[in-house]
Enquirer: 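I have a structure I would like to understand better, so I am pasting it below and will then ask my questions one at a time.
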Amino acid sequence: MAQRALPQSKEALLKSYNKRLKDDVKSLLDNFSEIIKLARVEEETQVSRMTQCEEDHFEMLVRASNIVRAGESLMKLVTDLKQYLILNDFPSANEAISQTARSMLAMQQESDRKLMALRDDLAADLYDLEEEYYSSPFK
Amino acid sequence: MANSSMPIERLQALDNVEKEIASCIQSAGQALTELSKDKASMKQVESHTSQFLKTLNHVEGELSKHINYLTQVSTGQPHEGSAYGSVKMYKTARHRLEHTRSRLQDLENLKNRALASTVRPSSAQNNP
């Protein structure tokens, strides 16, 4: 399909979605791998082991929060995509409208068909009733 | 890209992506929980980690697919189609039906009144 020229705002919006996706996935991967790397116990250097442990613990907390933040940002991206899809997915919107129109038309035709059948039955009964009425002393 | 599927299917696909994101983070948490144990089973850690990576890959692929589809089909114009015409026709058919029902109800009431008036004089004659 030939690429139509999108308005700049829409193009920028879709590019921003792509960027957000890449950034969040990268953040998830990087933070997870860094936490795994921190699990290695290294030899005591300038800082004491206790201090190093505290530092590693704090870093793990921060990286875990980053993982959760990136996950929530991905969820927000999915929500934004859903909203964009509902508003701008023309083929699906056209399909939904056609299907609604078809079902409304089918129900209307069914309703009218039954009404016509009722009319025919009433007309037949009316014929008999009229005959009865006009041949009675009450007319 | 496949032909346009119903909007509900695309939205359901995005719902599944949301669930996968949650399970991806859960796998990451399970991998780290396993690693933090005194006697960590490396097999479990590896399996959770590979599950995390696989799910993340899948999430990225699905979302890229959706974004590419939207890049192709969006025009920037608002959608101005509606099913108003056919809905209006259906509503007028319902009005016709309701009108017929009310006229038949009137006829029913007329018949009942007539029956009641024929029964009352005959019961008055029987009980002077």
Side-chain angles (χ1 to χ4, degrees), chain A residues 1 3-11 14-15 17-18 21-22 25 28-29 32 35-36 39 60 64 67-68 70-72 74-75 77-79 81-82 84-105 107-112 114-115 118-119 122, chain B residues 1 3-11 14-15 17-18 20-22 24-25 28-29 31-32 35-36 40 45 49 52-53 56-57 59-60 62-64 66-79 81-94 96-97 100 104 107:
Chain A
M1 187 190 283
Q3 186 79 25
R4 287 183 291 279
L6 284 173
Q8 235 176 2
S9 59
K10 295 278 181 197
E11 225 175 280
L14 288 165
K15 271 199 179 121
Y17 286 162
N18 255 327
L21 173 67
K22 299 271 180 290
V25 167
L28 273 168
L29 266 173
F32 182 74
I35 292 180
I36 301 280
M60 281 188 196
I67 288 177
V68 172
E72 285 198 7
L74 269 178
M75 293 284 213
L77 175 64
V78 171
T79 307
L81 275 175
K82 279 186 192 174
Y84 193 91
L85 193 75
I86 289 168
L87 292 174
N88 294 292
D89 185 10
F90 278 24
S92 304
N94 291 341
E95 176 65 31
I97 288 173
S98 310
Q99 199 189 22
T100 309
R102 274 197 302 267
S103 71
M104 290 287 129
L105 198 63
M107 286 197 285
Q108 176 251 316
Q109 283 173 349
E110 177 69 15
S111 165
D112 283 344
K114 289 193 171 158
L115 210 53
L118 183 68
R119 183 205 68 173
L122 281 173
Chain B
M1 179 68 65
N3 272 341
S4 64
S5 47
M6 286 297 295
I8 198 84
E9 287 170 12
R10 292 202 171 268
L11 292 171
L14 284 171
D15 276 341
V17 168
E18 271 183 343
E20 280 186 16
I21 293 171
C24 175
I25 296 190
L32 295 172
L35 199 56
S36 68
V45 172
T49 309
F52 164 72
L53 291 170
L56 192 62
N57 226 4
V59 160
E60 191 182 3
E62 282 291 315
L63 287 178
S64 292
H66 278 100
I67 294 175
N68 282 341
Y69 172 74
L70 286 172
T71 316
Q72 286 174 6
V73 302
S74 61
T75 64
Q77 306 297 325
H79 194 283
S82 86
Y84 177 73
S86 47
V87 169
K88 198 71 190 167
M89 282 174 64
Y90 169 69
K91 281 187 178 164
T92 48
R94 285 291 297 261
R96 284 195 284 277
L97 208 61
T100 311
L104 285 173
L107 199 61

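A, B, ... follow the sequence lines: proteins, then strands. Residue 1 opens every chain.
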Enquirer: With chain A, which of B:Gly29, B:Gly85, B:Pro78, B:Ala28 has the greatest number of heavy-atom pairs at distances under 4.5 Å?
Expert: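 Option with the greatest count: B:Ala28.
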
Enquirer: For B:Arg94, I'd like to know if atom CZ has over 12 heavy atoms of other residues, nucleotides or ligands within 6.0 Å.
Expert: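 Counting other residues, nucleotides and ligands, CZ of B:Arg94 stays at 12 neighbours or fewer.
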
Enquirer: Looking only at side-chain N and O atoms, does A:Asp89 offer a donor or acceptor that is under 3.5 Å from a partner on B:His79?
Expert: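 There is no such pair between these side chains.
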
Enquirer: Using heavy-atom distances under 4.5 Å, tell me whether A:Tyr17 contacts chain B through its side chain, its backbone, both, or neither.
Expert: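 Both backbone and side chain of A:Tyr17 come within 4.5 Å of chain B.
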
Enquirer: Let's go through B:Glu18 and B:Leu14 carefully: what are the C-alpha distance in whole Å and the side-chain angles of both, what is the deciding distance for side chain to side chain contact (heavy atoms under 4.5 Å, CB included) to 0.1 Å, and is it a yes or a no?
Expert: CA-CA 6 Å; B:Glu18 271 183 343; B:Leu14 284 171; over 6 Å; no

Enquirer: Can you tell if the side chain of B:Val73 reaches within under 4.5 Å of the side chain of A:Asn88, non-hydrogen atoms only?
Expert: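 Not touching, per the 4.5 Å side-chain cut-off.
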
Enquirer: Check each atom of B:Tyr84 against the heavy atoms of chain A and say whether the ones under 4.5 Å are side chain, backbone, both or neither.
Expert: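 For B:Tyr84, no heavy atom lies under 4.5 Å from chain A.
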
Enquirer: Is the shortest side-chain heavy-atom distance between B:His66 and B:Arg10 below 4.5 Å?
Expert: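 Result yes, sub-4.5 Å side-chain heavy-atom pair found.
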
Enquirer: Check whether B:Asn57 gets within reach of chain A through its side chain, its backbone, both or neither, counting any heavy atom under 4.5 Å.
Expert: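 Neither part; nothing is under 4.5 Å.
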
Enquirer: Of the listed residues (A:Leu87, A:Val25, A:Leu105, A:Ile35), which shares the most heavy-atom pairs with chain B below a 4.5 Å separation?
Expert: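 Ranked by contacts with chain B, first place is A:Val25.
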
Enquirer: If you tally heavy-atom pairs under 4.5 Å against chain B, which of A:Arg102, A:Gln109, A:Met75 wins?
Expert: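 Most heavy-atom pairs under 4.5 Å with chain B: A:Met75.
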
Enquirer: Below 4.5 Å from any heavy atom of chain A, which atoms of B:Val17 appear? Answer side chain, backbone, both or neither.
Expert: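 Interface part for B:Val17: side chain.
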
Enquirer: So what's closer than 4.5 Å to chain B heavy atoms on A:Asp112: side chain, backbone, both or neither?
Expert: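 Side chain only.
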
Enquirer: Any side-chain donor-acceptor pair under 3.5 Å between B:Gln72 and B:Asn68?
Expert: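 Judged by distance alone, the side chains do not pair up.
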
Enquirer: So what's closer than 4.5 Å to chain A heavy atoms on B:Ser82: side chain, backbone, both or neither?
Expert: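 When you check distances to chain A, only backbone atoms of B:Ser82 fall under 4.5 Å.
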
Enquirer: Please look at B:Leu63 and chain A and tell me whether the side chain, the backbone, both or neither of the residue comes under 4.5 angstrom of a heavy atom of that chain.
Expert: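 For B:Leu63, backbone and side chain are both near chain A.
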
Enquirer: Taking all atoms of both residues into account, what is the closest heavy-atom pair of A:Ala101 and B:Ala83, and its distance?
Expert: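 Result for this residue pair: N-CB, 4.4 Å.
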
Enquirer: At a heavy-atom separation under 4.5 Å, does B:Leu35 approach chain A through its side chain, its backbone, both, or neither?
Expert: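 For B:Leu35, the side chain is the part near chain A, not the backbone.
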
Enquirer: Let's test your reading of the structure: which of B:Asp15, B:Thr49, B:Val59 forms the most heavy-atom pairs below 4.5 Å with chain A?
Expert: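 Greatest number of close heavy-atom pairs with chain A: B:Asp15.
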
